[in-house]
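Have a look at the structure below before the remarks.
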Amino acid sequence: MSASAMHADERPIDVALVRRLLAAQFPRWAELPIERFASSGTVNALFRLGGDLAVRLPRIAGGAGDVEREHHWLPRLAPALPVPIPAVLGKGVPGDGFPWPWTVHRWLDGENPQEGRVARPGRLAADLAEFIIALRRIEPADGPPAYRGGPLREVDEETRTAIGLLHGTIDTGAATAAWEEALAAPGWDGPPVWVHSDLMPGNLLVADGRLSAVIDFGTAGVGDPACDLIPVWNLLPASVREDFRSALGADDATWARGRGWALSMALIQLPYYRDTNPTMAANARHVIHEVLSAMSATSRAPLAAETGEGSL
């Protein structure tokens with residue numbers, strides 16, 4: 001693995017490769033300026049092409065299937081959503097030694113929000129809730145299963161392995177207790193709905209404190225809506241959590257499962273990316289801290305009520 005790679009099986013991708021692929025398959029764009037775009041993304045490499053386009057190539061074999069998923073579903077989802085999502089303008093095929101399909105998208109302006117630096121948290125929480133609700137309302141009949149649309153127990157083994165790897169880094173006892181509480185929550189018993197399932201800060205774009213676009217739908221599909229509650233822990237401050245929850249109508253079980261998904265993702269990401277993706281690792285630490293702090297506060301609440309402590 002090279003020093004800049006995040007995965008042992010990652011494919012080397014550079015500007016020269018992108019230009020060769022464009023020249024062979026999309027010559028009308030081949031002479032435009034190409035610049036690698038710094039991103040915390042872990043599955044795809046992103047290049048800005050001219051002023052209005054982006055080229056996106058899978059880093060690993062596991063991301064290759066996302067190309068077809070997005071090519072098929074993005075045009076169907078876009079009209080129903082309140083903010084722009086990527087528009088695929090060209091679907092590339094393997095070539096010049098690159099083994100997977102790839103895409104040319106329309107460029108979407110905006111910046112990734114950062115945990116602890118949300119300028120207008122109430123407004124962003126409302127915008128995110130509006131997006132999630134609109135996505136849920138799309139007819140799910142023939143939608144593919146979402147990557148995180150199933151029960152939490154599907155990632156139990158991987159989550160517990162990650163907790164073991166973090167011994168000495170986090171409070172593994174508290175993390176295990178929080179994880180087991182999430183696992184104990186009742187499962188989703190409603191109809192499957194459309195979910196993005198990867199609403200990480202790196203997949204959100206903001207402008208003037210407002211949500212301006214949502215990107216990377218490689219994990220989107222239908223399933224349990226709990227997985228789209230993860231911005232509560234990876235981005236939004238505690239002051240707007242209840243407003244966000246109320247806007248989405250999340251019951252206790254859904255809230256617990258959403259917290260479980262956020263915790264599981266962070267626990268798995270931290271040992272994997274702490275030496276190769278500082279942004280992802282920092283967000284994972286933030287999530288773990290927020291979840292464990294919230295769980296600790298909840299466990300203290302009955303005692304505070306009994307003693308009269310914590311009253312306003």
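We count residues from 1, following the sequence as given. In what follows, every heavy atom counts, from backbone to side chain, and hydrogens, waters and symmetry copies are set aside.
One finds the CZ atom of Phe131 at 6.0 Å from the CG atom of Leu199 (value rounded to the nearest 0.5 Å). Separation of atoms OG (Ser264) and CD (Glu158) is listed at 6.5 Å; rounding is to 0.5 Å. One distance of note links OG1 of Thr159 with CG of Leu263; it measures 7.5 Å at 0.5 Å rounding. Arg274 CZ to Gln269 CD: the interatomic distance, rounded to the nearest 0.5 Å, is 13.0 Å.
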* To do: Give the intermediate values and the outcome of salt bridge (charged side-chain N to carboxylate O under 4.0 Å, His left out) for residues Asp252 and Arg245.
  => CA-CA 10 Å; Asp252 289 345; Arg245 177 176 179 173; 2.5 Å; yes

* **Evaluation steps, salt bridge (charged side-chain N to carboxylate O under 4.0 Å, His left out), between Arg241 and Glu290** => CA-CA 11 Å; Arg241 282 180 191 154; Glu290 291 297 305; 2.5 Å; yes

* To do: List the steps, then state whether salt bridge (charged side-chain N to carboxylate O under 4.0 Å, His left out) holds for Arg106 with Asp52.
  => CA-CA 6 Å; Arg106 190 172 302 286; Asp52 302 320; over 6 Å; no

* Apply ring pair (Phe, Tyr, Trp, His ring centres under 6.0 Å) to the pair Phe37 and Trp107, showing each step before the final yes or no. => CA-CA 11 Å; Phe37 186 78; Trp107 182 263; 5.1 Å; yes

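At most 12 non-hydrogen atoms from other residues, nucleotides or ligands lie less than 6.0 angstrom from NE2 of His289. For Tyr147, the OH atom is loosely surrounded, since the number of other residues' heavy atoms within 6.0 Å does not exceed 12. Within 6.0 Å of atom CG in Asp189, 12 or fewer heavy atoms from other residues, nucleotides or ligands are found, so the atom counts as exposed in its surroundings.
Criterion: ILVMFWY side-chain heavy atoms under 4.5 Å apart, direct or through other members. Under it, Leu152 and Trp255 are part of a common hydrophobic cluster. No continuous path of hydrophobic side-chain contacts links Val193 to Leu135 [ILVMFWY only; heavy atoms under 4.5 Å]. With hydrophobic clusters built from ILVMFWY side chains whose heavy atoms lie under 4.5 angstrom apart, Leu128 shares a cluster with Val206.
For the salt bridge (Lys or Arg N to Asp or Glu O under 4.0 Å) test, residues two or more places apart in sequence or in another chain that qualify with Glu181 are Arg259. When the salt bridge (Lys or Arg N to Asp or Glu O under 4.0 Å) test is applied to Arg20, the partners found at least two apart in sequence or on another chain are Asp96.
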Under 3.5 Å, which donor-acceptor pairs link side chains of residues 71-87 to any protein atom two or more places apart or in another chain?
{"residue": "His72", "atom": "NE2", "partner": "Arg76", "partner atom": "NH2", "Å": "3.2"}

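The closest side-chain donor-acceptor pair between Asn234 and Asn283, if any, does not fall under 3.5 angstrom. No side-chain donor-acceptor contact under 3.5 Å links Trp261 and Asp228. Side-chain atoms of Thr254 and Asp251 include a donor-acceptor pair closer than 3.5 Å.
A salt bridge links Glu70 and Arg56; the closest N-O separation between the charged side-chain nitrogens and carboxylate oxygens is under 4.0 Å. Between Glu10 and Arg59 a salt bridge is recorded (basic side-chain N to carboxylate O distance below 4.0 Å). Salt bridge annotation for Arg257-Asp224: present, with a cationic side-chain nitrogen under 4.0 angstrom from a carboxylate oxygen. Salt-bridge check for Arg120 with Asp127: failed, with every basic side-chain N at 4.0 Å or more from each acidic carboxylate O.
The distance between the ring centers of Phe47 and Trp29 does not fall below 6.0 angstrom.
Using cut-offs of 30° and 60° for the angle between ring planes, the His7 and Tyr272 rings count as tilted.
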